[in-house]
J.: 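One structure, as structure tokens, below. Some questions next.
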Amino acid sequence: MDLPKPNAAAAALQPYLSGLTPSQRSVVDHRGGPLLVNAGPGSGKTTVVTHRIASLIAEGVAPWRILGLTFTNKAAQEMRGRVEALLDHAGLTADGVLLCTFHSFGARLMRTLPDDFGVPARFVILDAADQKSAIKQAIRAANLDPKSFTPASISSAISAAKNQLKNAEAYESEAVDFLTRAVAKTYHEYESRLKMQEAVDFDDLLMRPAVALRDQPELRARLTQRWTHLLIDEYQDTNFAQFLVADLLVSEARNVTVVGDPDQSIYGWRGANIGNILEFETRYPDAKVIPLGENFRSTKTIVSAADALIRNNEQRKPKNLVAANDTGDRLRIRRSEDERGEAQDVVDHLKQVERSGTPWAEMAVLYRMNALSRVFEEVLRRDGVPYIVAKGTSFFERKEVRDAVGYLRLLANPRDEVALERVVNMPPRGIGATSWSRVIGEARASTQSVWEVMQSPSRIEGVSTRAAKAIESFVEMVQGWRSSLGHTGAFEALSRDLSDVVQRVIDESGLAAHYARGGTEEDHDRVENLDELVSAAADFPGVVSELPGLAEDAEPTLEHDVQTLEAHLFGWLESISLVADSDLVDPTRGVLTLMSLHASKGLEFEEVVVAGCEESLLPHQRSIGDDEAIEEERRLLFVGMTRAKKNLTLTSAKSRPVRGFRESTIQSQFLSEIPEELVERWEANENASADAFLQGSSPSPHGGRRGPSGRRLASLFPVGCLVEHEQFGVGRVEAIMPRPTGTTARIDFRYDGVKTIILEYAKLERLE
DNA sequence: TCACGCTCCCTTTTT
DNA sequence: GGGAGCGTGA
């Protein structure tokens, strides 16, 4: 079948392997049996994984037999790109290699074999907000006091149960006290709601595959034959369900490679089990273990500082971090007057760095809590610095976008009650709370779904003729949209059709008109966001949501770029619900990145600032007093510090508002764990403003220098016009998209191809 | 039925 | 500081 046969392709790969260190090389060359790669930060983890995959393929392993699992789409994409590039040099193709996130792997398995996994064929994935509202409904249905049972606490209890593969019945059988019994009751209600709505949550995407693989030998046999080589990234952050999926998938071929770093385990709070990586050798006694400790990313100073910090953790296997690079500059530890001063000092510093030649895309500001982005955003906007807040879902969390997506979900699956309830009277169309509760009541009393009940509204008791009419025309409208979903096409055409559908939904539902009527700045933004949603649909490249070749042990057909518009819509909705924060980091946009420390894992930047290094922020309040939690906080800072290639700044503010009141802060205990000879400290002087101290000038005036507005810019560069960019040369404007971060233009450059550029920042000139 | 305004409550990190 | 839920007036 897949007999390794040294051949010309393998030989062609040799030059690319010779650049590796002996340890890296041994990861690539290992054959047969489990392999654990203990990879410190910057040790070339992605390089060894991608070279290993390429090398397997060059040796004759069929690409479609290789499965690589990651935690973010970005990581998966990056790996795919690098594997393709490597194989290209050897005249081979990577087509068929499956590189995706754990969650999307689960979703695709279930999409392909819904019966085996016990889910409806057209299930939708609940996002965090939907899940919260489903939990709320369940709490109400379970007759619990919503004051003593918060959705957050119940939902994390259910999530923990699912991580342990306990369904509602199993959970209930173990529930002994008042609290766990209340959770059990809610769990039951929650599950029946999911079932009724043909929905699954994030945890189901991991739990169901694990359970099915465990309990169905026949299914397990099929899948273990399909994938003979498994590679897992960030293994330190896998939970029990993920461990089991991986463990069962490799139960036959046993070709599993896991890569991770226990010092970068930062998801314990959501069920990640650091024991998976620490006890890998116990689970697989024949495992080969290869440490990769040499750091090729950061300066010696940064590595020494991070090493000194992490040595304070007691629950840890000691290891030596060694830097291959130069010593570099000392870490800058800055203590500003308040949170505004901190943001201003950081921005002033970064502007200086930019002037001396580092592009914005190579800089990042990291923080423990997303709330910290606010003050940075204000200062950045005022100073005209291009930036992006890497919070994957933030665009899709806006009310108007959620409404529009609600309509789309409804048309993908009219049994999606969360979506239905959200949009049924948005914009207001005369189906108010009273009528709606009658509809719900009718559905609950019968065995019908809410959507079915809505088919004949006049039959519902207590619904006025007027409301019945409104319901009728609502149903008709949704049916009308649904009738256009049947046709098939190639991905490119489908994306065009999809954006037409989105446009139609926004127009015909009355959403666009509703906001256009408003006339305030906010309403205007909402209309722009709806426009952007249409562009996003058009930009969706399309995915094959079903995995080929699961049914039989044969080479799967891989040509699958034709499907129905409905499948395309499902694919898009799925991709929306599975975006990760770090997926938004895109160096080609040329902007500064703001993000949480958690989201920064796996990324790297020349210049990094970790802001808010204060007690009760980092470490966070909720971890103080809990030694294990403090160690996870320390690992979090370790992750942040090791993102930096050249320069690292750790900042804090002497005072910061907490719950509306300004409080004095204490510098993070972690800062005192960094050796003094590696740092250079500066503290704000009460008498001199930080700006004056750093710049020798007065602070820039508030609200000063603003360029032309986004709308004006858009009219200056109409679609189709020829423009010249100082770096990319001549190009033609393909699309103008208003975005929260600036007016974005897609431009097809004569020599550099299609680029996305923000008009506010790009020096663009119109030709002709 | 709907919009607006008031009050009260919470407050980490994410796929 | 902000969001959700509730009450009131149109």
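The chains referred to below are lettered A, B, ... by the order of the sequence lines, with proteins before strands, and numbering in each begins at 1.
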J.: Check whether any side-chain N or O of A:Arg622 sits under 4.0 Å from OP1 or OP2 of B:dT12, and answer yes or no.
T.: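 Yes, within the criterion.
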
J.: Of all the choices, B:dC2, B:dT15, B:dT14, which nucleotide is nearest to the side chain of A:Pro428 once you look at every atom?
T.: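 Nearest listed nucleotide: B:dC2.
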
J.: Return the minimal non-hydrogen interatomic distance between A:Ala272 and A:Asp237, and the atom names on each side.
T.: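 Taking every non-hydrogen atom into account, CB-O, 3.5 Å.
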
J.: Between protein and nucleic acid, restricted to nucleotides 3-10 of chain C and to nitrogen or oxygen atoms under 3.5 Å apart, what atom pairs and distances do you find?
T.:
{"unit_1": "C:dG5", "atom_1": "OP1", "unit_2": "A:Lys136", "atom_2": "NZ", "d": "2.7"}

J.: How is A:Asn425 classified with respect to the nucleic acid when contacts are heavy atoms under 4.0 Å: base, sugar-phosphate, or nothing?
T.: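 Sugar-phosphate contact only - A:Asn425 comes under 4.0 Å of backbone atoms but never of a base.
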
J.: Nearest to the side chain of A:Arg368 - B:dT13, B:dT14, B:dT1?
T.: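 Nearest to the side-chain atoms of A:Arg368, counting from C-beta on, is B:dT13.
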
J.: In whole angstroms, how far is the C1' atom of B:dC2 from the CD1 atom of A:Ile431?
T.: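 Atom-to-atom, A:Ile431 to B:dC2, this comes out as 14 Å.
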
J.: What integer distance in Å separates A:Leu637:CG from B:dT13:C1'?
T.: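 Going from CG in A:Leu637 over to C1' in B:dT13 covers 14 Å.
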
J.: Using the six-membered ring of A:Phe123, assess whether NZ or CZ of A:Arg111 lies under 6.0 Å from its centre and within 45 degrees of the ring axis.
T.: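 Yes; both conditions hold, so A:Arg111 lies above the ring face of A:Phe123.
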
J.: Might you point out which heavy atoms bring A:Glu400 and A:Leu511 nearest each other, and give the distance in Å?
T.: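 Taking every non-hydrogen atom into account, O-CD1, 4.3 Å.
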
J.: Looking at every heavy atom in both A:Pro619 and A:Ser668, which two are closest together, and how far apart are they?
T.: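 In terms of heavy atoms, the two residues are closest at CD-OG, 3.9 Å.
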
J.: Starting at NE2 of A:His514 and ending at C1' of B:dC2, how long is that distance when rounded to a whole Å?
T.: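 Distance check: A:His514 NE2 to B:dC2 C1' gives 11 Å.
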
J.: Distance check needed: B:dT15 C1' versus A:Ile576 CD1, whole Å only.
T.: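 Rounded to the whole Å, the gap is 15 Å.
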
J.: With centres under 5.5 Å and planes under 30°, do A:Tyr267 and B:dT13 count as stacked?
T.: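 Answer is no, no stack.
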
J.: Check for me whether the distance between the ring centres of A:His598 and A:Tyr267 falls short of 6.0 Å.
T.: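 Ring centroids of A:His598 and A:Tyr267 are less than 6.0 Å from each other.
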
J.: Stacking here means centres under 5.5 Å and planes under 30°; does A:His620 stack on B:dT12?
T.: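 Stack criterion met.
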
J.: Between A:Arg466 and B:dT1, is there a side-chain N or O to OP1/OP2 distance below 4.0 Å?
T.: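 For B:dT1, OP1/OP2 do not have a side-chain N/O of A:Arg466 under 4.0 Å.
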
J.: Are A:Lys162 and A:Asp201 close enough for a salt bridge, meaning some N to O gap below 4.0 Å?
T.: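 Answer for the salt bridge query: yes.
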
J.: A:Gln264 has an atom CD; how far is it from atom C1' of B:dT13, in whole Å?
T.: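 So the CD-C1' distance, A:Gln264 to B:dT13, works out to 16 Å.
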
J.: Can we say A:Glu574 and A:Arg108 salt-bridge, meaning some charged N sits less than 4.0 Å from an Asp/Glu carboxylate O?
T.: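 No salt bridge links A:Glu574 with A:Arg108.
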
J.: Using the P atom in both, what is the distance from C:dA4 to B:dT13, to the nearest Å?
T.: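 Result for the P pair: 15 Å, nearest Å.
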
J.: Using only side-chain N and O atoms of A:Ser577, determine if any of them is under 4.0 Å from OP1 or OP2 of B:dT15.
T.: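 It does not, given that no N or O in the side chain of A:Ser577 lies less than 4.0 Å from OP1 or OP2 of B:dT15.
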
J.: Please give, in whole Å, the distance from B:dT15 C1' to A:Asn163 CG?
T.: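 About 11 Å, once rounded to whole Å.
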
J.: Indicate the ring-plane relationship of A:Phe105 and A:Trp227, choosing parallel, tilted or perpendicular according to the 30° and 60° boundaries.
T.: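 If you compare the ring of A:Phe105 with that of A:Trp227, the planes turn out perpendicular.
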
J.: Between B:dT15, B:dT12, B:dT14, which one does the side chain of A:Thr101 approach most closely?
T.: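 Of B:dT15, B:dT12, B:dT14, B:dT15 is nearest to the side chain of A:Thr101.
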
J.: If each of A:Ile266 and A:Ala467 is mapped to the nucleotide of DNA chain B with the nearest heavy atom, which maps nearer the 5' terminus, i.e. the 5' end?
T.: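 Looking at DNA chain B, the more 5' nearest nucleotide goes with A:Ala467.
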
J.: Strictly below 4.0 Å: does A:Asn370 bring a side-chain N or O up to OP1 or OP2 of B:dT11?
T.: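 So the side-chain polar atoms of A:Asn370 never come under 4.0 Å of the phosphate oxygens OP1 or OP2 of B:dT11.
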
J.: Which is true for A:Phe71 with a 4.0 Å heavy-atom rule: it touches a base, it touches only sugar-phosphate, or it touches nothing?
T.: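 Contact class for A:Phe71: sugar-phosphate only.
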
J.: Answer yes or no: does a side-chain N or O of A:Ser435 lie under 4.0 Å from OP1 or OP2 of B:dT1?
T.: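 Looking at the OP1 and OP2 atoms of B:dT1, one of them is under 4.0 Å from a side-chain N or O of A:Ser435.
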
J.: What's the CZ-P distance between A:Arg208 and B:dT15, to the nearest Å?
T.: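 About 22 Å, once rounded to whole Å.
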
J.: Between B:dT15 atom P and A:His598 atom NE2, what is the distance in whole Å?
T.: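 Roughly 10 Å, once rounded to whole Å.
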
J.: So which one's nearest nucleotide on DNA chain B is more toward 5', A:Arg429 or A:Ala599?
T.: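 The 5'-side residue here is A:Arg429.
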
